[in-house]
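Following: one structure in C-alpha cells, then a few remarks.
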Amino acid sequence: MNTEKNYNPMNGYVVLFVCLLLLIGGIPLLRIYIGVFMVFLAILCIPGFVLVNPNSSRVLLLFGKYVGTIKKNGFFWVNPFYSKRKISLRASNFDSERLKVNDKLGNPVMISTILVWRVTNTYKAAFDVDDYQNFVRVQTDAAVRKLASMYPYDNFADEGLVEDITLRSSVNEVSEALEAEVQERLSMAGIEVLEARIGYLAYAQEIANAMLKRQQATAIVAARHKIVEGAVSMVEMALEELNKKESVALDEERKAAMVSNLMVVLCSDKDVSPVVNTGTLNH
C-alpha cells in the first residue's frame with residue numbers, strides 16, 4: 001500500500017451501546033469467569049472509539065501497516081489495536097520569516113511570503129515526509145530564495161537594465177511563479193497550494209538608504225525633464241503669439257534675452273524676484 005485508501009469504520013454509537021450492555025451485565029457476574037470476560041471485553045473496546053471533526057482525518061495503522069484513512073466526520077469505532085494519527089484537512093496559513101537574499105542583480109533584499117495550503121493526500125503527508133508542517137516551512141523558504149534570485153528588485157533604466165518582470169512591480173507574475181515553485185516542491189508531501197504571494201519586500205538595511213537616494217534622484221531628474229519640456233513649449237507658444245499679433249518687434253538678441261528670462265522663471269524651483277526696468281530697452 002503506497003497510496004491513500006478510504007476506510008469505512010463502524011458506527012461508534014452502536015458499539016458504545018454494546019459496551020454498556022456488557023458492563024451492566026458483567027459487573028454483577030464478576031465472581032464467575034463469564035462476568036470477568038464481559039467486563040474485560042467492554043474495557044478492551046474502549047480504545048477503539050474515535051471522533052473525527054469536520055475537515056479532519058485519522059490515519060490508521062496496525063502494527064506499522066497502513067490500513068486506511070477516515071475522512072468522514074462523526075463518532076466511530078475501529079479495531080482497538082489500530083494506532084490513530086490525526087491530520088487536519090483544513091486550509092492553513094503560513095507567514096514565513098523575513099529572509100535576506102540576493103536578487104538577480106546581486107542586491108541584498110529582505111523578503112517574506114504568505115502561503116495558504118492544505119493536505120489532500122494523507123498517506124503522503126504522514127509517510128512520505130518526516131514532518132509535513134516543518135516540510136512546508138523549509139521548502140517555502142527555499143522556493144522564496146530561488147524566486148528572488150530569478151528577478152531583480154526593480155528596473156534601472158539609467159544603466160540600461162530593463163526587465164519585463166521585477167519583484168516590486170510585477171506582483172501577479174511573481175505570485176504565479178512563486179505558487180508554481182512551491183506547489184512543485186510540496187506535491188511529494190500530498191499538499192495543495194491554494195495561494196502564495198509576497199508578504200514583505202524591501203532592500204536590506206545596509207543599502208536601503210543608498211537605494212532611497214537613488215530613487216529620489218531618478219524621480220527629481222524625471223520631474224526636471226518634464227518641467228523643461230513644458231517650459232520649452234510655453235516659450236515657443238509665447239514667441240508664436242507675439243509674432244502673430246505683431247505687438248512687439250523683437251530682434252534675435254531680444255528674443256534670446258526673453259527666452260532666457262522665461263526659462264529661468266518657468267524652470268526655477270524657487271519664486272523669482274522680478275526687476276522692473278524703468279528706462280529703455282538698452283538700459
Side-chain angles (χ1 to χ4, degrees), residues 1-97 114-142 182-195:
M1 179 65 64
N2 55 5
T3 57
E4 183 183 75
K5 176 184 176 182
N6 288 327
Y7 183 85
N8 295 320
M10 294 179 60
N11 191 305
Y13 296 102
V14 174
V15 180
L16 179 62
F17 179 73
V18 174
C19 290
L20 292 176
L21 291 179
L22 291 174
L23 289 174
I24 294 173
I27 290 176
L29 302 176
L30 284 177
R31 294 184 179 182
I32 58 177
Y33 291 110
I34 186 64
V36 175
F37 177 76
M38 292 173 64
V39 173
F40 173 76
L41 186 62
I43 296 175
L44 183 64
C45 291
I46 292 176
F49 292 106
V50 58
L51 179 65
V52 182
N53 295 320
N55 285 327
S56 186
S57 66
R58 294 292 188 277
V59 177
L60 305 179
L61 294 174
L62 178 60
F63 304 121
K65 181 181 179 181
Y66 174 68
V67 178
T69 302
I70 305 175
K71 284 190 172 182
K72 58 182 180 180
N73 60 295
F75 182 63
F76 307 106
W77 185 85
V78 296
N79 189 327
F81 294 102
Y82 286 170
S83 61
K84 301 171 281 292
R85 179 178 176 182
K86 180 180 179 181
I87 294 182
S88 176
L89 303 178
R90 301 170 183 172
S92 301
N93 283 322
F94 171 61
D95 189 1
S96 69
E97 298 181 356
I114 298 176
L115 181 70
V116 183
W117 60 277
R118 66 181 176 187
V119 175
T120 56
N121 190 310
T122 57
Y123 179 87
K124 291 183 177 181
F127 306 115
D128 284 359
V129 294
D130 185 31
D131 183 351
Y132 69 92
Q133 293 180 335
N134 182 64
F135 186 80
V136 170
R137 292 192 291 269
V138 174
Q139 293 301 320
T140 301
D141 289 346
V182 177
Q183 180 63 73
E184 182 181 357
R185 293 171 178 267
L186 299 184
S187 59
M188 65 173 297
I191 294 173
E192 178 188 6
V193 177
L194 302 178
E195 182 185 6

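Counting begins at 1 with the first residue of the sequence. The structure presented is a predicted model; accordingly, all values stated were derived computationally and were not measured. Worth knowing before you read on, the calculation uses all heavy atoms, side chains too, and leaves out hydrogens, waters and symmetry mates.
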Q) Where the side chain of R58 meets the backbone of L51, is there a donor-acceptor pair that is under 3.5 Å apart? A) yes

**Q.** With K72 via side chain to side chain donor-acceptor pair (under 3.5 Å) - residues at least two apart
**A.** none

List the atom pairs, with distances to 0.1 Å, where a side-chain N or O of residues 7-14 and a protein N or O form a donor-acceptor pair under 3.5 Å, not counting sequence neighbours.
| unit_1 | atom_1 | unit_2 | atom_2 | d |
| --- | --- | --- | --- | --- |
| N11 | OD1 | Y13 | N | 2.8 |

Q) N121 side chain to K124 main-chain N or O, any donor-acceptor pair under 3.5 Å? A) yes

Q) With a 4.5 Å limit on heavy-atom distance, are the side chains of L60 and V50 in contact? A) no

Q. What residues, two or more places apart in sequence or in another chain, satisfy ring pair (Phe, Tyr, Trp, His ring centres under 6.0 Å) together with F76?
A. none

Show me the donor-acceptor pairs within less than 3.5 Å that the side chains of residues 81-92 make with the rest of the protein, sequence neighbours left out.
| unit_1 | atom_1 | unit_2 | atom_2 | d |
| --- | --- | --- | --- | --- |
| S83 | OG | L61 | O | 3.4 |
| K84 | NZ | P47 | O | 3.1 |
| K84 | NZ | Y82 | O | 3.3 |
| R85 | NH1 | A126 | O | 3.0 |
| S88 | OG | R90 | N | 3.2 |

Q.
Please enumerate all residues that pass side-chain contact (heavy atoms from CB on, under 4.5 Å) together with F94, with sequence neighbours excluded.
A. S96, L115, W117, R137, T140

Q. Are side-chain N/O atoms of T69 and E4 paired as donor and acceptor at under 3.5 Å?
A. no

(Q) Please report the interatomic distance CE(M38) to CD1(I24), rounded to the nearest 0.5 Å. (A) 10.0 Å

(Q) Tell me whether D130 at atom CG has more than 12 heavy atoms from other residues, nucleotides or ligands lying less than 6.0 Å away. (A) no

(Q) I want to check something: taking the side chain as every heavy atom from C-beta on, are R118 and N55 in contact at a cut-off of under 4.5 Å? (A) no

Q: For the residue pair V193 and V182, establish whether any side-chain heavy-atom pair is separated by less than 4.5 Å.
A: yes

Q: Answer whether the closest heavy-atom distance between the side chains of Y66 and V59 falls below 4.5 Å.
A: yes

**Q.** Any donor-acceptor N/O pair, Q139 side chain to L186 backbone, under 3.5 Å
**A.** no

(Q) I want to check something: taking the side chain as every heavy atom from C-beta on, are T120 and I191 in contact at a cut-off of under 4.5 Å? (A) no

(Q) Please give me the minimum heavy-atom distance between C19 and C45, naming the atom from each residue. (A) SG-CB, 3.5 Å

Q: Not counting sequence neighbours, which residues clear side chain to side chain donor-acceptor pair (under 3.5 Å) with Q133? List them please.
A: none

Q | Main-chain N/O of F127 paired with Y132 side-chain donor or acceptor, under 3.5 Å | A | no

